[in-house]
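Here is the structure we will look at, set down as structure tokens.
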Amino acid sequence: MATVGSTALDELLATLNPPQREAVEHLDGPLLIFAGAGSGKTRVLTARVANLIAQRKVWPDRLLAVTFTNKAAREMRERVGRLVEGADRMWVGTFHAMAVRMLRRDAELLGIPRSFTIFDEDDSRSAMNRVLKDLALDPKRFPPRRLLEHISRAKNELLDPETMPVESRSDELVRRAFARYQEVLRTSGALDFDDLLLQAVRLLQSSPEALERWRDRFRYVLVDEYQDTNHAQYVFVNLLAAEHRQLAVVGDDDQSIYSFRGADVRNILSFEKDYPDAKVVRLEQNYRSTQPILDAAYRVIVRNPERAEKRLWTPRAGGERVVAAQLYDEVEEAEYVADEIERLRRQEGLGYRDVAVLYRINAQSRAFEDVFGRRRIPYRLVGGIRFWERAEVKDVLAYLRLIQNPADLVSFARIANVPRRKIGSVTVEAVVTAAQARSQDVVQVLGDAGAIEAVPRAAARPLEVLRRQLESLRAMVGALTVADLIGQVIEVMGLEHHYRDGSPQGDARMENLDELRGLAREYDFLQDRAQALEQFLTEIALRSDVDSYQEDDEGVTLITLHMVKGLEFPVVFMVGMEDGLLPHSRAISDPDQMPEERRLCYVGITRAQNRLYLTCAFRRHLYGESRPCQPSRFLQDIPKSLLARPTRGAAPIPPPRQSRREQLFEYQTRPASVAPPVARFHAGQQVEHPIFGRGVVVKSTLTRGDEELVVRFDSGVKILSGTVAPLTVR
DNA sequence: TTTCTGGGCCTACAT
DNA sequence: GGCCCAGAAA
């Protein structure tokens, strides 16, 4: 084997730098690779895997590679496939995907049906609302989200209701909610995201036979993004690798940004303690960015305590300085970005696909969508108001899930009255309670709903009709493709009439369903129709928004700092560089979270190859109100020598507030006068300032307590408070 | 009991 | 801007 591509592999090996080569050629025993941003990690991993197959003659199906996204998994398989044969038989995927594959085979050893449904976050919330009702808890005092956070944290620590520590009365309530929640999942034949990992671990812990079998299967284990593993994932990996000790982990503690999902940087930092004989390799040569960009990144990250010291370097000479600019508000920020993109296109032949706009929260994309739409700048939005979260898509998926798993209480509750069929909340309640009490499939319960006391008499007929419809659809599963089954659901349930209400939104809803059918056609090749349905639903549940990202599509990329990890762009705009956004206000009030915000900033900066822009707004409209903002404290960590003066309508970042001079002249959150201001200035007016000199007013905006001015001085653009700054009209 | 409408509340990051 | 709930009408 491994003859086809061996020359290609040799060529690749010849281009590696010494530490990269070490990482590829260390084939025996534990290996830890610290791979800095842009250090050629993907090349190393592919070469390593190909090397194992070609040199070590390891069977590809004995290799397990855990990646962070499905996209990364696909890429690794493709790239290894170009080097050696048999790559399609490797096990490559995310932790969750691997857990599902194992559980689809072995779930019954744990008393879980193999055709379990996967609950997403929405489903979990519905399930929790049900729990609150059952336990008569006030959702105001016990917000479902909060309870689910607790439960998620517990599950990531491999705890269950019996083993979780209870130290207070409220812990006890969490424990009861947890137990009840698991009960709802169990009667629904469902697992939530955290259960997938937890149960995979349980499987390995409780069944020696399964442990033996999976260990034997995965002789070589490789884990990417190890810094983002949580405790459950850590145990999973280490259980699998304990016997053969052929474990290679790759990561960068500076890029650990998923602690809110339970990720623990200590997993990577203590790898050498776990495996004292581990070989450690550091990849610090950067093949991506210019030195000024790397320096800026270093200045930000170096202030974090408890990091493994490393500094990226590049032999590449020169490079533009980083542009830091302050704009008036989020609309002007987007306009500025649009101006710069068009300028770089004209002057440097830049393509739209070379540009990314990175932000902290999805809500920030709106201003860019508006401005780019108006200015005909093509863009692609990653994440955000997602296709899969649209009501009509979720409705149809709930139907499919209920057809596939007639016990799924959450899906039943969702579609019971969609379209309206006189099955209201009281009826749904009664049916669900009965299903739980009898431990019976909810669809089965619909059959004799008339016999259930709590079910309103008027509801018996519509329930029976619904049951017949669901059963008839269920009977079609083996015969129809998923796309055709979706068509039948729409037809039998009369969904077109329900969604198409004559409005443009109604038409859009049906278009979304057409798109869903289109996506389902990708499973047409599977001859086993029932399996196609199961796979379709599984992959949808575990899909990530970056998975569908195509590098060569046209358009500016709009993406969050979390999802952009692993991507790179010639030109990067990091927008909303303000205290409150980055670092996020929640992190400011919880100092434990600050290092992570810093890492997020670091991840963003290191995405840039040639040009980096950091922008902030003076005033921002967010969460339904408009507020003045302070530039991000992270901006102050980047020395002036690395920064360039912004072009055109933008102002440089003002120094921090502590400066007395700034306090005197620039905007203050509590203006001296409480009276509603009157406009004293207007655009075009010539003014004079004791420090900045002569200038021209570019813009005046009246806000509740102030008149805010954008003024162009010889020294550059400034944003000032009209009521506070000592400006005189010339 | 279901359906419809308006007001109050909360608001990251995401497999 | 989205979700939940209260209150009124059918």
Side-chain angles (χ1 to χ4, degrees), chain A residues 66-73 93-100 118-122 124-126 129 132 138-140 143-146 148-149 152 155-156 191-197 225 228-230 232-233 256-263 358-366 382-386 388-391 416-417 419-430 454-460 462 538-547 559-565 576 580-590 593 596-597 599-600 603-604 621-625:
Chain A
V66 184
T67 55
F68 204 66
T69 62
N70 298 301
K71 176 175 182 279
T94 62
F95 275 106
H96 291 85
M98 283 304 146
V100 170
I118 301 167
F119 272 8
D120 67 15
E121 210 170 298
D122 249 30
S124 294
R125 223 187 41 230
S126 308
N129 285 335
L132 293 179
D138 178 6
K140 289 216 174 65
R145 289 182 59 125
R146 192 88 63 72
L148 285 168
E149 263 170 45
S152 174
K155 286 182 175 179
N156 287 333
L191 299 179
D192 67 15
F193 285 138
D194 300 315
D195 282 337
L196 296 176
L197 299 171
E225 307 285 4
D228 282 324
T229 51
N230 60 34
Q233 292 165 333
S256 167
I257 54 175
Y258 281 94
S259 71
F260 68 92
R261 235 163 60 184
L358 317 186
Y359 38 79
R360 178 69 229 269
I361 65 172
N362 280 306
Q364 284 173 264
S365 72
R366 170 159 267 117
V382 184
I385 325 120
R386 295 166 234 189
W388 300 101
E389 283 171 15
R390 314 206 94 103
N417 209 25
R420 305 261 122 86
R421 48 169 83 91
K422 299 195 191 310
I423 303 177
S425 60
V426 175
T427 305
V428 170
E429 222 33 24
V455 173
R457 295 184 103 208
T538 298
E539 280 171 30
I540 284 170
L542 299 182
R543 145 211 50 79
S544 139
D545 288 307
V546 274
D547 291 343
I559 190 170
T560 63
L561 287 166
H562 281 90
M563 289 203 291
V564 82
K565 191 172 68 170
L581 272 177
L582 186 69
H584 193 270
S585 49
R586 295 207 184 185
I588 292 174
S589 58
D590 176 3
Q593 290 191 39
E596 181 137 327
E597 298 293 307
R599 292 193 288 264
L600 215 35
V603 166
H621 194 84
L622 203 61
Y623 304 136
E625 69 173 336

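- Of the candidate nucleotides B:dA12, B:dT3, C:dG1, B:dA12 has the atom lying nearest to any side-chain atom of A:Ile361.
- Using a 4.0 Å heavy-atom criterion, one finds that A:Thr427 contacts the sugar-phosphate atoms exclusively.
- Nearest nucleotide to the A:Val426 side chain, out of B:dT3, B:dT15, B:dT2: B:dT2.
- For A:Lys71 and B:dT15, the NZ to P distance is 13 Å, given to the nearest whole Å.
- With hydrogens and angles disregarded, a donor-acceptor distance shorter than 3.5 Å links the side chain of A:His562 to the backbone of A:Ile257.
- With rounding to whole Å, A:Glu389 atom CD is found 12 Å from C:dG2 atom P.
- The base of B:dA12 is paired with the side chain of A:Arg360 by a donor and an acceptor separated by under 3.5 Å.
- In this entry the distance linking NE2 of A:His96 with C1' of B:dA14 reads 10 Å, nearest Å.
- In plain terms, the two heavy atoms of A:Ala459 and A:Lys422 that are nearest each other are CB-O, 4.5 Å.
- In terms of polar N and O atoms assigned as donor or acceptor, the side chain of A:Glu596 never comes within less than 3.5 Å of the base of B:dA12 in a complementary pairing.
- Set against B:dT11, B:dT15, C:dG1, the side chain of A:Arg366 has C:dG1 as its closest nucleotide.
- Rounded to an integer number of Å, the gap from A:Lys422 NZ to B:dT3 C1' is 9 Å.
- Residue A:Asp120 is classed as having no contact, given no heavy-atom separation below 4.0 Å to the nucleic acid.
- Going from atom CD of A:Gln364 over to atom C1' of C:dG1 covers 15 Å, rounded to whole Å.
- At a threshold of 4.0 angstrom between heavy atoms, the contacts of A:Ser585 with the nucleic acid are absent.
- Using a cut-off of 4.0 Å between Lys/Arg side-chain N and Asp/Glu carboxylate O, A:Glu149 and A:Arg146 are scored as not salt-bridged.
- Toward the 5' end of DNA chain B, the nearer of the two residues A:Ala363 and A:Arg420, judged by each one's closest nucleotide, is A:Arg420.
- At the phosphate of B:dA14, OP1 or OP2 sits under 4.0 Å from a side-chain N or O atom of A:Asn362.
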Legend entry - A:Leu191 vs A:Ile118, side chain to side chain contact (heavy atoms under 4.5 Å, CB included): CA-CA, chis, key distance, verdict: CA-CA 5 Å; A:Leu191 299 179; A:Ile118 301 167; 5.7 Å; no
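- Remark: A:Arg125 is not in phosphate contact with C:dC3, judged by side-chain N or O atoms under 4.0 Å from OP1 or OP2.
- Straight-line distance from the OH atom of A:Tyr359 to the C1' atom of B:dA12: 13 Å, rounded to whole Å.
- The ring of A:His584 lies on top of the base of B:dA12, close enough and flat enough: under 5.5 Å between centres, under 30° between planes.
- Looking only at side-chain heavy atoms (C-beta outward), A:Phe193 and A:Arg261 stay at 4.5 Å or farther from each other.
- Atom NZ of A:Lys565 is separated from atom C1' of B:dC13 by 12 Å (rounded to the nearest Å).
- Residue contacts shown for A:Gln593 include a base, since a base heavy atom lies under 4.0 Å away.
- Out of B:dT15, B:dT1, C:dC4, the shortest distance to the side chain of A:Pro456 is found at B:dT1.
- The distance from atom CG of A:Asp192 to atom P of B:dT15 is 15 Å, rounded to the nearest whole Å.
- A:Gln233 and A:Thr229 get closest at one heavy-atom pair: OE1-CA, 3.1 Å.
- For the pair A:Thr94 and B:dT15, the criterion of a side-chain N or O lying under 4.0 Å from OP1 or OP2 is not met.
- Once the 5.5 Å centre distance and the 30° plane angle are applied, the aromatic ring of A:Phe95 is found not to be stacked with the base of B:dT15.
- Nearer to the 5' terminus of DNA chain B, by closest-nucleotide assignment, is the contact made by A:Arg421 (compared with the other of A:Leu600 and A:Arg421).
- Taking every side-chain heavy atom of A:Tyr258 into account, B:dA14 is the closest of C:dC5, B:dA14, B:dC4.
- The side chain of A:Asn129 lies closest to C:dC4, out of C:dC4, B:dT11, B:dC13.
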